[in-house]
Amino acid sequence: QVQLAESGGGLVQAGGSLRLSCAASGTHSMTMAWYRRVPGKQRDMVAVLTPGDTTIYADSVKGRFFISRDNAQPTVYLQMNNLKPEDTAIYYCNARRPGTVGPLAGHWGQGTQVTVSS
């Protein structure tokens, strides 16, 4: 069974860094991703990591955010550097079978709040 649990969110000043963690049991051979949601808006893809370690990033976070995994646990991470106020959102961990598309597909955690102050 797939179970996802995010942690690591908090309040940080602009320019600072945070690392989000997703405890991701039952996700071997699945595509992992981080999404984020601002209240009143859809969840948007932030970063994707395939079973073959291919990465995809939203244009708004390229060069600042990095997704990685620890296959042994398993755990998925989102390292967020040079944070900006517009990064403020609830961040969600997602797991899906490779090739599955759609913004709401797969399994989801409950989210962790990231707030970036100016």
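The disulfide (SG to SG under 2.5 Å) pairs that include a residue from residues 69-118 are Cys22-Cys93, where partners are two or more places apart or lie in different chains. Sorted pairs that involve residues 58-103 and meet ring-ring contact (aromatic ring centres under 6.0 Å, His included), not counting sequence neighbours, are lacking altogether. Residue pairs meeting the disulfide (SG to SG under 2.5 Å) criterion with at least one partner in residues 24-78, sequence neighbours excluded, are absent. Applying the salt bridge (Lys or Arg N to Asp or Glu O under 4.0 Å) definition to pairs two or more places apart or across chains, none involves residues 105-118. Sorted by first and then second residue, the side-chain hydrogen bond (donor to acceptor under 3.5 Å, both in side chains) pairs with a member in residues 6-17 read Ser17-Asn81; sequence neighbours excluded. Sorted by first and then second residue, the pairs that involve residues 21-50 and meet salt bridge (Lys or Arg N to Asp or Glu O under 4.0 Å), not counting sequence neighbours, are Arg36-Asp87. Residue pairs meeting the side-chain hydrogen bond (donor to acceptor under 3.5 Å, both in side chains) criterion with at least one member in residues 21-34, sequence neighbours excluded, do not occur.
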Identify all side-chain donor-acceptor contacts of residues 103-114 below 3.5 Å with residues at least two apart in sequence or on another chain.
from	atom 1	to	atom 2	distance (Å)
Trp108	NE1	Leu104	O	3.3
Trp108	NE1	Ala105	O	3.4
Thr112	OG1	Gly9	N	3.1
Gln113	NE2	Ala89	O	3.4
Gln113	NE2	Thr115	OG1	3.3

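Side-chain contact between Ser117 and Pro85 is absent, with no heavy atoms from C-beta onward closer than 4.5 Å. Side-chain contact between Met45 and Ile56: present, with at least one pair of heavy atoms (C-beta onward) separated by less than 4.5 Å. Residues Leu78 and Arg19 form no side-chain contact, since every pair of their non-hydrogen atoms from C-beta on lies 4.5 Å or further apart. Met32 places a side-chain heavy atom less than 4.5 Å from the side chain of Leu4.
Qualifying side chain to side chain contact (heavy atoms under 4.5 Å, CB included) partners for Glu86, counting only residues two or more places apart in sequence or in other chains: Lys84. For Thr55, the side chain to side chain contact (heavy atoms under 4.5 Å, CB included) criterion is met by Leu49, Tyr57, Ile67, not counting sequence neighbours. Applying the salt bridge (charged side-chain N to carboxylate O under 4.0 Å, His left out) test to Arg69 and every residue at least two apart in sequence or in another chain returns Asp53.
When hydrophobic side chains of Ile, Leu, Val, Met, Phe, Trp and Tyr are connected at separations under 4.5 Å, Leu11 ends up as a singleton with no cluster partners.
Listed here is the closest heavy atom pair of Val2 and Ala95: CG1-CB, 4.3 Å. Pro51 and Pro98 make their closest contact through CG-CG, 3.7 Å (heavy atoms, listed as atom of the first residue, atom of the second, distance).
Linking Ile, Leu, Val, Met, Phe, Trp and Tyr residues whenever their side-chain heavy atoms come within less than 4.5 Å places Met80 and Val76 in a single cluster. In the hydrophobic clustering of ILVMFWY residues, with side-chain heavy atoms under 4.5 Å counting as a link, Tyr35 and Met30 come out apart.
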